[in-house]
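The structure appears below as structure tokens.
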Amino acid sequence: MPIPEPALDPVIPAPTLVAGRWRDDGEHFERTGPYTRRTVTRARQTAPGEVDEALHYARAGARAIGRLAPAARAGVLERAAQFAAERRDELARLLALELGKPVKDGGGEIDRVCDTFAVCAAEARRLGGEVLPVAGWERGVGNTALTYRAPAGVALAITPFNAPANLLAHKLGASFAAGNTTVVKSPPQAPGATTAIVRVLLDAGMPVEAVQLLHGGAETGAALAGDPRVDVISFTGSSAAGAAVARAAGPRRTVLELGGNAATIVCEDADVEQAAAVCARTGYSNSGQSCISVQRVYVQRDRFEEFLSALHKQVDQLKVGDPLDPATDVGAMVDEQAAERVVAWSAEACAAGARILTGGTRDGATAAPTIVADPSPDARVVTEEVFGALVAVLPFDRFEDAVEACNTSRFGLQAGIFTNDLARVFTAWRELEVGGLIVNGSSNFRLDHVPFGGVKDSGIGRESPRSMIEDYTVVKTMIIRNLSIWGSER
Ligand code: NAD
């Protein structure tokens, strides 16, 4: 009797959702899993004319969504948090198949989706406004002025592949909490995961007028971003694509969460073992495909070799392999081209004098965790965004030199610092050109309810449900003449 082949996962359909209807007819594109090298998802390509149709429907539906009570919106988001928790394993599996993300990381991403929805719900419940102190100035006496945060109307959410579930939860959750309708453009590498998150919200009771979903590449995103029927754009992706979105958007509200080559500083007083353990864990999680992944570590020269050997030891213990194995720390990268970037850039740094302590190789789309020691400051592993399983470690002499080195980057998303010297902590907080600083942690840490975002080429705006609701709403003023709660006697 031949041994039966193990059952293959069936190909997952990723239909589009336009004008209140799931559609799966017409042209499709397939997403091949980078680890399994098999088709995981069959996504329906946005058909010509559907961008127009989606935006027409969005404009028509925007006011209906704005009429929903914030309590009703919060209820949907809370149920969505619960449903995402119930589907945690299934969603983590989908992320592993579509992207090569280890289920360990995928499960963590879904836990964050639950938190993000719950925080969005809480923010929906506290939407409010102001009674303005108009009577403090002569011309205002006798009047009443009020403001509230009104929904912006039609939001566009464009997401990248690396955290497609939680980044969508942020954008769609906050937009709905604010009372908008949202058009989502999925990343072409994760149409299945994106569709699954939209389904979670619809199953939780989100009205179909509140969301539409289009699959496709840059051209679909560009057509949406350039359309004046969109009131606010929330884009997360590379700096180059972000610049294109900003040009297409013109004078419209745009929030851009872009790339980075995050730095972490390890001072001479740091617990080097602990710093190395944290950098090993957070430099290679999701194969380094995070905008704040540990890419550059600046270590005070007296502790440099000690740090390298501790990091090397820790990295050697990472389990590389099948993303579906719960023990796997490092799975596949998004595609072979991405893994090749790690190989090519580390070889290039090595040719210019750096040492490769480990890695520098790949098996298909799986890049071996790579440590590049002491690269030249103008090597691409230092100056550009690697977005891969590679950590570059550089020595510094004076603390000011480390701060300067961090700031030479054209990016500025987040940095980490390991020290117990409070004066240095505050100097770093003041001097580093970044949107956030993690003390006694690496650059790669985020709390979803804390403002997150960059400066320089890393973007504009802050992502956290509260900050995003500000972006997704407009301050709407009303002045009532000849009626005042304030005294009017002169
Ligand atoms: P990408 O820029 O290639 O694509 C992101 C999204 O934009 C995709 O949906 C893509 O189809 C779309 N797109 C591309 N060109 C477009 C255009 N001209 N107009 C409209 N849409 C367009 O990025 P990626 O490879 O999916 O993701 C990795 C990048 O995202 C990295 O640079 C990473 O640092 C960045 N990122 C940033 C953050 C953050 O919060 N700052 C978070 C995650 C990822």
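Numbers for residues simply follow the sequence, beginning at 1. In listed order, ligands and their atoms are each counted from 1.
In this model, no donor atom of one side chain and acceptor atom of the other lie less than 3.5 Å apart for Lys185 and Thr220. Between the side chains of Ser234 and Asp471, no donor N or O sits under 3.5 Å from an acceptor N or O.
Nearest protein neighbour of atom 22 (C) of ligand 1, counting heavy atoms only, is Ala218 CA, 3.9 Å. Looking only at heavy atoms of the protein, atom 36 (N) of ligand 1 is closest to Cys291 CB, 3.7 Å. Taking atom 7 (O) of ligand 1 as the reference point, the nearest protein heavy-atom neighbour is Phe235 CE1, 3.1 Å. Remark: minimum distance from atom 32 (O) of ligand 1 to any protein heavy atom is reached at Glu385 OE1, 2.7 Å. At the shortest separation from atom 23 (O) of ligand 1 among protein heavy atoms lies Ser238 N, 3.5 Å. Shortest contact from atom 41 (N) of ligand 1 to any protein heavy atom: Leu258 O, 2.8 Å. Atom 27 (O) of ligand 1 has as its closest protein heavy atom Pro160 CB, 3.2 Å.
Centroid-to-centroid, the aromatic rings of Phe307 and Phe418 stay 6.0 Å apart or farther.
A pairwise comparison of heavy atoms in Asn407 and Glu433 identifies OD1-N, 2.9 Å as the closest pair.
Atoms of ligand 1 found under 4.0 Å from any heavy atom of Glu257 (numbered from 1 in listed order, with element): 37 (C), 38 (C), 39 (C), 40 (O), 41 (N). Listed by atom number, the atoms of ligand 1 under 4.0 Å from Pro188 heavy atoms are 11 (O). Atoms of ligand 1 found under 4.0 Å from any heavy atom of Ala241, numbered from 1 in the order shown, are 2 (O), 14 (C), 15 (N). Listed by atom number, the atoms of ligand 1 under 4.0 Å from Leu413 heavy atoms are 41 (N).
An N or O contact shorter than 3.5 Å is missing between Arg446 and ligand 1 by distance. Here's the thing with Leu167: none of its N/O atoms is less than 3.5 angstrom from an N/O atom of ligand 1.
A salt bridge does not link Glu257 to Arg462: none of the charged side-chain nitrogens sits closer than 4.0 Å to a carboxylate oxygen. Checked for salt-bridge contact, Asp329 and Arg281 miss the test: no charged N lies under 4.0 Å from a carboxylate O. The pair Glu53-Arg23 meets the salt-bridge criterion, since a charged nitrogen lies less than 4.0 angstrom from a carboxylate oxygen.
Contacts with ligand 1 closer than 4.0 Å are made by side-chain heavy atoms of Val245 only, the backbone lying farther away.
Residue contact check for ligand 1: Ala163 places no non-hydrogen atom closer than 4.0 Å to it.
Here the side chains of Leu127 and Arg73 are in contact, with some heavy-atom distance below 4.5 Å.
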